[in-house]
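Worksheet: the structure to be examined is printed underneath.
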Amino acid sequence: MASMTPISQSQSLFKQTAFLSPPPLQKFNLSFCNRTWPKKLLGRTTPMRVMVIASSAAAAAEKAAKKYPGEAKGFVEEMRFVAMKLHTRDQAKEGEKPSEAPPVAKWEPSVDGYLRFLVDSKLVYDTLEGIVDKAAFPEYAEFKNTGLERSEKLAKDLEWFREQGYTIPEPSSPGLTYAQYLRDLSEKDPQAFICHFYNIYFAHSAGGRMIGKKVAEKILNNKELEFYKWDGDLSQLLQNVRDKLNKVVESWSREEKNHCLEETEKSFKHSGEILRLILT
């Protein structure tokens, strides 16, 4: 039988080891705790619990200090950066999305398809401008009469097509779906709605104009539609809206800003479905 340590010796060993101090914590700055935590809390916290709390605090500090692409120039630049990543390389130098369709220069548009695109686009702009006028959230009112509005311009273009003998179609599924989505979103999620507002107007002022020019070359004898004209200096109108957007977003938390950015992909999805009507 193996020898056993007498009870008296075991008790003695226990007394010698039970209250030994734990090994020193590595790479842990207790001065941080002394500066930031009440002494009362430190007195009741074991070293292991202190380390866990410190790690959580450090993670929170790191998250707060994290910089987002474009953040130094304002939130609109953050939105632009995310939007550019969803472009293809033939659409923008910063684009990263694989191309699923031929470049615009190789499109074969039809007048009927273009009319469907214009009609659905008008429905979306009617919806956007109505939401801004109603201003269910106070910040929406900042975007009244920016000079970027397109609804009246589109109405003039559709009237011109009617005068040429074309039948103007009713709005189709892509436009109806997007308009309803925007109405629902605007009532409950202002951060997500602002994302769509930005992407719709700014995309049209850039890539939208390029597409309009290419389509006009192929099917409209180079006629420039009112949809692609603005009253005043477009660069200044865009800058005014950038300033308003940055001002509105100043009161948002980082989580709210990120939520807005995350909506970008949905904006591209809905707008892309309307754009593809040109080729139908």
Side chain to side chain donor-acceptor pair (under 3.5 Å) partners of [X], counting only residues at least two apart:
X	value
Asp243	Gln239
Lys214	none
Asn240	Gln236

For [X] and [Y], which heavy atoms make the closest approach, and how far apart are they?
X	Y	result
Phe75	Cys260	CE2-SG, 3.8 Å
Thr264	Ala83	CG2-CA, 4.0 Å
Arg254	Glu78	NH2-OE1, 2.7 Å
Pro171	Leu123	CB-CD2, 3.8 Å

Legend entry - Asn246 and Arg242 side chains, donor-acceptor separation under 3.5 Å: no
Inset, instruction - Check ring pair (Phe, Tyr, Trp, His ring centres under 6.0 Å) between Tyr140 and all other residues, then give those that pass, not counting sequence neighbours. - result: Phe137, Phe193
Legend entry - Residue list, ring pair (Phe, Tyr, Trp, His ring centres under 6.0 Å) with Tyr201, at least two apart or on another chain: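 Tyr125, Phe197.
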Give a yes or no on whether [X] atom [atom1] has more than 12 heavy-atom contacts from other residues, nucleotides or ligands under 6.0 Å away.
X	atom1	value
Lys106	NZ	no
Glu265	CD	no
Lys144	NZ	yes

Only counting residues at least two apart or in another chain, list the ones meeting salt bridge (charged side-chain N to carboxylate O under 4.0 Å, His left out) with [X].
X	answer
Lys122	Asp126
Lys269	Glu273
Glu187	Lys134
Glu256	none

Which atom pairs, one a donor and one an acceptor, fall under 3.5 Å between side chains of residues 174-183 and the rest of the protein, sequence neighbours left out?
unit_1 : atom_1 : unit_2 : atom_2 : d
Thr177 : OG1    : Ser173 : O      : 2.8
Tyr178 : OH     : His196 : ND1    : 2.7
Gln180 : OE1    : Arg183 : NH2    : 3.1
Gln180 : NE2    : Asp184 : OD1    : 2.9
Tyr181 : OH     : Glu263 : OE2    : 2.4

Legend entry - Qualifying salt bridge (charged side-chain N to carboxylate O under 4.0 Å, His left out) pairs with a residue from residues 154-175, counting only residues at least two apart or across chains: Glu159-Arg162
Inset, instruction - Provide the full list of side chain to side chain donor-acceptor pair (under 3.5 Å) pairs with a residue in residues 108-121, sequence neighbours left out, each pair given once. - result: Tyr114-Tyr228, Arg116-Thr280, Asp120-Ser172
Legend entry - Interatomic distance, Asn145 atom CG to Glu129 atom CD [nearest 0.5 angstrom]: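 CD of Glu129 is found 9.5 Å from CG of Asn145.
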Legend entry - Under 3.5 Å: donor-acceptor pair, side chain of Asn199, backbone of Cys195: yes
Inset, instruction - Taking the side chain as every heavy atom from C-beta outward, state whether Arg150 and Ile200 have any atom pair closer than 4.5 Å. - result: no
